[in-house]
Amino acid sequence: MKTISAFFLLFMFICPARSSAQFFSTDDKLKDEMFLREVKVIDEFIERFNDEKTSFIRKEYEKQKRAYDLPRKEIFISLFNLDNPQWNKNTYLEEFFRDVSDSLHPPHIAFTDTNWYSEANCTFAYNKKNIEIPLILQIQITKNHGAKWMIAGIGDNPVFTGVSSSILDPEGHKAKEGFKFIATSSYATNFVELRNTFADKKDILDYFEPALLATDKAKQFINLILQNKIDFKYVKDIKFHFFQLPNWIFVVEQFDRKSLNSGWLINDVKKVPDAEKDGVKKQLLQR
């Protein structure tokens, strides 16, 4: 199958800007347009993907008294990292683009859907050195119909070797639904809230999914936290893995650059039959 060239996508994306040369007559106006086009947070990515009438970009056009004349396909193209050279090798890109940009029956994604994951590459201090342990977080719906992030997977690291998988719980911990949680907005600050999460040793189990807590790796990780052997410092980078679309998985990453194509953008697309998605999830969660 013929693929869509990244250069073709880029041409389609910047054509409207070129046709409005007067609009870019000053550096300030170009900066304003770059700010407008930047996908600043994952909520905004979801808005644009769904082409929502209340999206940030539509509201900004209205505030600037500009007619919103961006077709859904152009907005969708702008959500790709157009600098990724792998697009020319992706044999499914054209099919994905056709499926998702369908104007008659467009698919939608949702922040409060549990079928997507945040992969946070976390830096911890261990023996006066920095180590990296990826944590996979998933949105969960609470009993009162709210939402929260929970730790659903833990990546590998040699630091787990020889650590006990029997958690000592002197406080007689009992999980309290909704009592302690990681706020849904935490991703916008690079999950800095994880510092408070891991400092909350009395209730630390509340932040982990039960299925993950049943694994030896989770118990080893928690023991390292409880015994002060590792100390959370910061999240180095984040990826979002979306499993919400039938037969597709795509990955969104952040690209901080001075460009009309910046912010949270699609950087990988895979065609995966729904029957095989559970296997991909297990690999991501490393359970």
Side-chain angles (χ1 to χ4, degrees), residues 9-10 12-20 22-24 26-84 96-97 100-103 106-118 120 137 139 146-149 182-193 235 237-242 244-245 250-269:
L9 293 176
L10 179 59
M12 290 180 66
F13 177 52
I14 66 176
C15 265
R18 288 180 175 174
S19 66
S20 303
Q22 185 177 359
F23 184 80
F24 294 105
T26 68
D27 287 344
D28 287 342
K29 287 186 176 180
L30 178 56
K31 289 177 182 177
D32 289 344
E33 187 69 6
M34 286 193 294
F35 175 80
L36 181 64
R37 295 273 185 158
E38 179 189 7
V39 187
K40 288 163 278 295
V41 289
I42 203 66
D43 304 65
E44 189 175 349
F45 173 89
I46 292 172
E47 288 177 354
R48 293 198 201 181
F49 189 99
N50 296 336
D51 197 21
E52 296 177 12
K53 304 301 182 185
T54 57
S55 65
F56 170 82
I57 192 169
R58 284 179 179 267
K59 288 180 178 179
E60 283 299 307
Y61 266 70
E62 184 178 353
K63 284 170 59 176
Q64 296 177 21
K65 297 182 179 180
R66 295 168 58 189
Y68 186 82
D69 56 357
L70 302 177
R72 180 181 176 86
K73 286 186 177 181
E74 183 180 328
I75 284 293
F76 183 62
I77 289 170
S78 74
L79 295 177
F80 283 84
N81 169 28
L82 300 177
D83 286 349
N84 185 347
F96 178 70
F97 179 79
V100 181
S101 61
D102 184 350
S103 59
H108 289 79
I109 58 178
F111 191 99
T112 53
D113 190 315
T114 62
N115 205 13
W116 66 302
Y117 300 86
S118 174
L137 296 98
I139 288 289
K148 61 182 178 181
W149 289 105
I182 303 171
T184 55
S185 59
S186 295
Y187 80 88
T189 56
N190 271 20
F191 288 108
V192 68
E193 188 177 336
V235 171
D237 54 66
I238 298 173
K239 296 180 182 179
F240 292 100
H241 301 258
F242 284 84
Q244 298 179 25
L245 301 184
F250 63 91
V251 179
V252 176
E253 300 179 52
Q254 188 177 32
F255 298 89
D256 184 11
R257 57 196 178 204
K258 294 181 179 179
S259 166
L260 292 173
N261 179 229
S262 65
W264 292 99
L265 305 170
I266 298 172
N267 201 42
D268 192 20
V269 171

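One-based numbering along the sequence shown.
Put simply, the side chain of Ile42 reaches to within 4.5 Å of the side chain of Phe240, judged on heavy atoms. Ile57 places a side-chain heavy atom less than 4.5 Å from the side chain of Ile75. Residues Lys148 and Ile139 fail the side-chain proximity criterion, which asks for heavy atoms closer than 4.5 Å. His108 has its side chain within reach of Pro106: a pair of non-hydrogen atoms, C-beta onward, lies under 4.5 Å apart. Side-chain contact check for Leu70 versus Tyr61: some heavy-atom pair is nearer than 4.5 Å. In this structure the side chain of Leu137 reaches within 4.5 angstrom of the side chain of Ile182, judged on heavy atoms.
Using a distance-only test at 3.5 Å, with no hydrogens or angles considered, a donor-acceptor pair links the side chain of Glu47 to the main chain of Phe56. Proximity of a side-chain donor or acceptor of Glu253 to a complementary backbone N or O of Ile238 within less than 3.5 Å is not detected. For the pair Arg58 (side chain) and Glu52 (backbone), a donor-acceptor distance under 3.5 Å is present.
In this structure, Glu33 pairs ionically with Arg37, as a charged nitrogen and a carboxylate oxygen lie closer than 4.0 Å. The existence of a salt bridge linking Glu62 and Lys59 is excluded, since no basic side-chain nitrogen approaches an acidic carboxylate oxygen closer than 4.0 Å. Electrostatic pairing of Lys239 and Asp268 does not count as a salt bridge here, judged by no charged N lying under 4.0 Å from a carboxylate O.
Both the sub-6.0 Å distance and the 45° axial angle are not jointly satisfied by Lys40 relative to the ring of Phe45.
When all heavy atoms of Arg72 and Asn50 are compared, the pair lying nearest together is NH1-O, 3.4 Å. The two residues Ser78 and Leu265 make their nearest non-hydrogen contact at O-CD2, 3.4 Å. In terms of heavy atoms, Val235 sits closest to Ala120 at CG1-CB, 4.0 Å. Residues Met34 and Ser259 approach most closely at SD-N, 3.4 Å, considering heavy atoms. Heavy atoms only, all atoms of each residue included: Val39 and Leu79 are closest at CG2-CD2, 3.8 Å. The heavy-atom pair separating Arg48 from Glu38 by the smallest distance is NH2-O, 3.0 Å.
Contacts of Val192 classified as side-chain contact (heavy atoms from CB on, under 4.5 Å), with partners at least two apart in sequence or in another chain: Thr189.
Between Phe97 and Phe76, the gap from one ring centroid to the other is short of 6.0 Å.
Here the OH-CD distance, from Tyr68 to Glu60, works out to 12.0 Å after rounding to the nearest 0.5 Å.
Shown are Leu82, Asn261, Asp83, Asn267; of these, the side chain to side chain contact (heavy atoms under 4.5 Å, CB included) with Phe255 is made only by Asn267. The only member of Phe242, Phe250, Trp264, Trp116 that meets ring pair (Phe, Tyr, Trp, His ring centres under 6.0 Å) when paired with Phe49 is Phe250.
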For Ile266 and Asn81: C-alpha separation, side-chain torsions, deciding distance, then whether side-chain contact (heavy atoms from CB on, under 4.5 Å) applies. CA-CA 6 Å; Ile266 298 172; Asn81 169 28; over 6 Å; no
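In Phe111, the CZ atom is crowded: over 12 heavy atoms of neighbouring residues, nucleotides or ligands sit closer than 6.0 Å.
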